[in-house]
Each structure stands twice: as C-alpha cells, then as structure tokens.
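Below, chains carry the letters A, B, ... as their sequence lines are ordered, and counting in each starts from 1.
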Amino acid sequence: MRVTFWLLDIGYEVRDGQPEVWLWGIDEENRRILVIDRGFLPYFYLTIKEGENPEAVLSRVQRLRGELPLIRELELVDRRFFGRPVKAIKVVCGNPEVLSKYSRKLGKVPGVGMCLEENIRYSMRYLIDHGITPCGWHEVEVEKAERPSGLQVEAVYRARSPPKDVEKAEPPSLRVLGFTMVAYSRRGTPKPERDPVVILSVATNSGKEAQFVAEGGDDRPVIEGFLRYLREFDPDVIVGYGSNQRDWPYLLTRARGLGLRLSVDREGGEPHTSVYGHISIAGRANVDLYDFADELPEVKVKTLENIAEFLGVMRLEERTLIDEVDIPAYWEDPDRRPLLLKFSLENLRSIMGIAEAMFDYALQLSSLVGIPLDHIGTAAVGFRVEWFLIREAYRIGELVPTRRPRPYRTYVGGMVLKPRPGIHEEIAVLDFKSMYPSIMIAKNISPDTYVPPEEPDPPCGVYVAPEVGHRFRKEPPGFYKEVLTRLLRAREEIRERLRTLDPESVEYRVLDARQRAVKVITNASYGYTGWLGARWYLKPVAEATTAWGRHIIRNTIEMAKKMGLEVVYGDTDSIFIRYDPEKVERLSKAVGEELGLEIKPDKVYVRVLFTEAKKRYCGLLPDGRLDVVGMEVIRGDWAAVAKEVQEGVLGILLREKDPKKAAGFVRGYVSDLLARRTPYRDLIIWKTLTKPLKEYKVRAAHVEAARMLMQEGWELTLGDKVGYVITKGEGKLYERAKPYNLASYDEVDLDYYVEKQVIPAALRILKQFGVTEREILPPTS
DNA sequence: GCCTGATTTCTACCA
DNA sequence: ACTGGTAGAAATCAGGCG
C-alpha cells in the first residue's frame, strides 16, 4: 500500500544492529503516523590520491574488512571534488556510530587521500539522498507494521521503498501547543534545583487555554497538569519563547527533582538536548520562537512583549508588564498575584500570536534548506546556506569538503561614496538587483571554476576579476552559478504566481513565505563564500565578487555622470541621483547592455538629508513617511530621548525645511526632560554583552551594570542585552551606570542625558544648518 | 601628577 | 556561529610639562 505524508520530524535508532530511520508525519487523512525505513545504510567516502591505482587502493581497503566488521559494502565510484573528477571508495557501514572511527582508520591506508562526508548525520544523509524535505509531502510504499507499545501515533508502517517527494505546498492542519512558565525565587534568577514553577500557562491553536498554579511552594501539580494536558492534546508543534534555553531545561530538572518523568514526546520519552543546544522532542517539532527573533532586526531588544508589539499581536499599552525583578513581590502578595497570572496569560497569547505570524516562514525555510523544523531556528545563517548547498552538491555528484580551521585574512569589500551633505530634492535610489549573486552568475565565480595562479588559462577562456586578478573558467557553469540561478529563478516564478493570487488566500501566504525564505538564502550566499567556517570557503571567490562589484558601481557612476546625472551618494550596489525619469531610464538600459546587470529605481525621495557621515541619511518618502538609515533614531544603543529628539528634528527639517523651528523643538524637549516630564523607560540605554565578562579589556557601562545584576543573583549570558541608566555622582561613566531595574528616577543624572544623548543626536543633524549648541539649549541652562 | 591628543575598544549599523 | 566598511562614544595610552 501507499501512503502520502507530510514530514514533521525525523529520528533514527539502531535496533538489533540494524539502523532504522523514523519518519514522523501526518497523512492525508490527517492521521499522525510513523514510517520506519530499514532500507538505508550510512556511508562515507575515501578519495584516491592522484597517481594511485584505484583498484589497488580498493584491495588494500578490502584487506582491512576483517578488523572493521561493520563494513557492508565497498564500491569504487566517480564523483567530483571542487569540480574535478575524482575516483572515490564509497564505504557503506552497518551502523552510523562507527563512521568516524572507521574513516579515521581507513584514512591511513596508503593511497587514500581524504575521508569525506563521514560526519554528516545519518538522518540528514537519509533525507538528502532521497531528496526529501522536512515540512514537505512525500509518498511511500509501505506495509503495516506491528505497533510498538507506548507510541502516540495512529499508525506505524514499514517502508518498502524510499519515500518520494510530492508536489504540494500547503501543510496539513497541525496541532500547535504554546506554553510559558513563571518560576519563583525570592531573589535573583530562579534555580531549578531550588525554586518551583509557580505558574505554567498553556494554549492550543484550537483556542483552548489553561493555567496550572503551584499550591503553596509545591509545583508537582503544575508539572503533572502540564504533562496531562500535553499528552491529551497530543500536539505536533510545541512553541515557546526562550524554551530551548530556559523552560525545557528548567522543567526537566524540576521533574527529576520531584521524581517525575517529563514524558512529552511521542515515544513516551523526555526532551533531549540535540545539536546547537536546541531541545528535541521525538515525533513533535519543538520550536522556540526566540530563535526567529533575529529575523526581525527592527526590534532592538528582543523581549516577548516587543516582538508581539512589532508583529501587531499585542499592543504594549494594553499589556500587563511585570519586570522579572518584581516577580517575587507579585507572587508573594495575594492581592497582586492575579496580575502575575494575567501577565503569564498575556505572554502565552503573545507566543501564540507570534507563532501564527512566523509559522509559514519557518516551515518554508525548513523545507527549502532541508533542516528539520525544530532545528532550523537555531541553525546560524551560514549553516542554513551550507545545508542547502550540500543538497545541491549531492544532486550533481560533488563531494562535500570537510570544514577545517583556517587563518584569518581580510579582503576588500564594497565601495562607499562620500555623501554630499545637506538636503537634496527629488533623489532616486537606483539599486542593482541581487548584485553579488548576479556577479557570481555572470562571471561564473565559484570554488570549482577558480583557476589558481600557477595554472595556464583553460581552452574555454577565463573571466579575470579587476584589481585582484583572480581567474574563473568560463565553462562549464560553476556550482554557485547553478545554485544561484536556480534560486533566483525560483523566486521569480513564485513572485509571478503570487501576482495571480488573492493575498488573503492560504496559498498566497505559503508562497509569500517561500519567496522570503529563498531571498534570505540567496542574499546570504555571498557572505557564506567569505566565511572562514564555510566548507566551500575560497578567499578568491569572495574577493573577486566584491572586486567586480566595485568595478561595476564605479562604471555606473561614470555613465551617470556622462549623462549629466548628479550622483549624491552610493553604497556597494546603489547610487543616489537627482531624479530625471528619462535619463534614469536610459542609464538603466545602458548599464544592462554594457555591464550585464540589472539596475532599477528602488524608490524616489521627495527630499533626502545627508551629513558628512557615510551610511547615515534620512529620506522623505512621497507618502510623507521618513526613511531613517543608520542614524541614532534606529540604533538600539541610544536612549529613547535621543532617538525621539533626532526623529523630531529630521521630520521638521525634511517636511518644513525650518532649522529654527527644529532648534525650538529641541529646546522644548530638553526643558521637558529637565523638568522630569519624560518617562523613566525613555532613559534606559540597552547594550549587548558580546563576550564573557572576564574578556572585556576596558571597563564599560553596560558591563558594570551586568556585574551589578550578577551580584544581585541574576544570571546573564553572552548575547544578553543589559539595560542601564546613568546616575548622578563622581567619576567615570561606568562608575555611574546602574541596571535600570535596580535604580530609581531620583538617582538619574538628567544632565548626562541632555549633554551626551539629546544634544549630540540633535546637533549631528542641525550643525549642517548652522545651528549651534547654544541655540538648542533652553534659555535657563 | 595633570592635561591633551592619539589610539584602542566596543557596539551597532549598511549593503 | 555569513562578509567588509563605517560612525561614534568612552576608555586608555603616550608624551609633554619644568
């Protein structure tokens, strides 16, 4: 019989010496099923050294089979490595756990060059080799299998052949469970060995909600209630916010301490830590929405409430917010405890809303890249690109290089023009479309087309990168060219289809998420080529790409100037010119013809303001909105007071062109600030801890604030944002910084905020217009 | 020991 | 834990000064 199913999770185990792949899915009747495939064995490759006789090397390897009993098969195969044909021995083993040991051993056999692909996980290997993707539909020939006890599925099958991809975009209807918890500690970060989980809130996408509350200090009913609820609902996806780092490890430790088993997976087992420290739950997808917070760079401090606010899930003004420092007081006070419950419920609703908003994208990214849904969020951009490449490499018989440590060497990047300071009217921004990917395609730049300096030009000829001189063969099409062409074409096709669809339809949402995922991977591909950790790293590839980029932008500027177009600014792949529709049209045509790349107007500013600084400007859009780039307004490490003032100044200057009025606005703002009419939260400065505290070489305000928090029992980790205020007193700035939640308004040094935040942010713009510091300070100060 | 300008460290941005 | 180019603040260093 045949089953069509959507792949939710994948795992494997070795039973009676036989590896089995477990495919957890949902079939077309919306039943939860498990397909077990015993028909696939793990393997790795040994390449044959140049000049060696492959057969001879193979027989040398054959002779070691006695010592390595789990070898099932040895086969000489033809593959490619960096584009060159290679002979390799495919070593098929009976157990995935022996791959690394066996490869180390066989790597020493005379005549063997490299061991490759021995560290590709068995489950990923399975997916790649069969061309099947997580969060996609597949068809498989199966027979009914007896159902091992304790599995929470409706049917178990044994695969009779490998599954095959089925063309179908829309996911099945999934059961999603969201949860969030509050732990109680008298002081400082709660410790699971000591402090109970006092509130645990759960919700389902079918609209149910529940809260489990500790009785006194006893959280046994909380955890038991959660487990019952979870097993009863039997979710496919479990979402939380910070659940990988905080909630799951906490619950696991609590459960252990209480002698409970946190059996939440579909095998009756507990969550377990997997690669990159993410938590895996067999048969379900555990998704931590915090791992997707980086996809929203507009949100500077990535708290649950800020993300929810940004996505329009829950407005901050309507929110019950309780700082973690105040949680114990709320729990201890019977009058305020209901507020804490409300807070938790709102957190939960935010989580459900964010899941709703991000889910399509997460599914599409998972299926595009091929990393399972529960992993995709935690995988860094470089690894997302890499897994995508590994799939493509398999398709063309290219062996995957091993990641290895390399020395850091810089190379030159994009070109940035000096802006012409002041306000310019009617400025068009012309952008090259996907500049770096397009260059790599046009010049066939790829690790497998690179011609090293000592080699002569191949007969097909080469493209020579300007300035740096790296050569890339014109034929055949390189690995990157093929991959990027496919990506760009895929996105175009999706976008064309989108134009025919109703934006409210499910298909539209799914495909729109798909094209965003494709775009993200395409845009990250250049960065990947210059990443030292990349398996396919080759410095000349990255270096040649940026060199061509500079060449092209330089030529574009020349052409624009020759046409009499005034260039006021440019950065990497864009130029800012006075808008002249006819000339702009001619320019993009000429650029397309002469340089082979597409350039087109991205937007036209009614007015745009530059200071002398690069990468910082502000444009007024035709609809009246401001487009602020690079300035304090959009930076996360300035107090809100500075950002608000600067935005006000920019608005007045660009809309009304009235520096005097702008100066008056600043004076008024400063008076309000000094009169303490500004909310406390607008004085908080947020900065990230980018390394362990010990490694800081100089004393800095946010690091000192972090130390104070830790002194009070709060745990902080790398990557955390520290919010602090500057207080009155003597000495260095770092001596006056205090965590915002340990300080009060009375202590705050308002003069600091005027002199070092508001005035610099305002003056940066206003001094272009001859306004001096004296003119923006209130008369009294 | 104090002042000042130069340099280093740090963060977060743009493309 | 994708790249290089860039701005800007604060800490810190280095050298002059008598």
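Residues satisfying the salt bridge (charged side-chain N to carboxylate O under 4.0 Å, His left out) criterion with Glu566(A), sequence neighbours excluded, are Arg420(A), Arg578(A). By the side-chain contact (heavy atoms from CB on, under 4.5 Å) test, Lys539(A) is found to be paired with Arg409(A), Tyr411(A), Tyr537(A), Glu543(A), residues two or more places apart in sequence or in another chain being considered. Here Glu392(A) pairs with Phe388(A), Arg395(A), Phe479(A), Val483(A), Arg486(A) under the side-chain contact (heavy atoms from CB on, under 4.5 Å) rule; sequence neighbours left out. Applying the salt bridge (charged side-chain N to carboxylate O under 4.0 Å, His left out) criterion to Glu558(A), with sequence neighbours excluded, gives no partner residue. With sequence neighbours left out, Tyr480(A) forms a ring-ring contact (aromatic ring centres under 6.0 Å, His included) with no residue at all. Partners of Arg391(A) according to the salt bridge (charged side-chain N to carboxylate O under 4.0 Å, His left out) rule, which considers only residues two or more places apart in sequence or in another chain, do not exist here. His551(A) meets the ring-ring contact (aromatic ring centres under 6.0 Å, His included) test with Trp548(A); sequence neighbours excluded. Checked against ring-ring contact (aromatic ring centres under 6.0 Å, His included), Trp686(A) has the following partners two or more places apart in sequence or in another chain: Tyr740(A).
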N/O to N/O distances under 3.5 Å, protein versus nucleotides 4-9 of chain B:
none

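Rounded to an integer number of Å, the gap from CD1 of Ile553(A) to P of dC14(B) is 18 Å.
Using a 4.0 Å cutoff on non-hydrogen atoms, the parts of residues 515-526 of chain A near DNA chain C are Ala524(A), Tyr526(A), ordered by number. Taking every heavy atom of residues 749-774 of chain A and every atom of DNA chain C, pairs under 4.0 Å involve Tyr752(A), Lys756(A), Pro760(A), Arg764(A), by number.
Residue pairs meeting the salt bridge (charged side-chain N to carboxylate O under 4.0 Å, His left out) criterion with at least one partner in residues 376-387 of chain A, sequence neighbours excluded, are Glu295(A)-Arg384(A), Glu386(A)-Arg403(A), Glu386(A)-Arg535(A).
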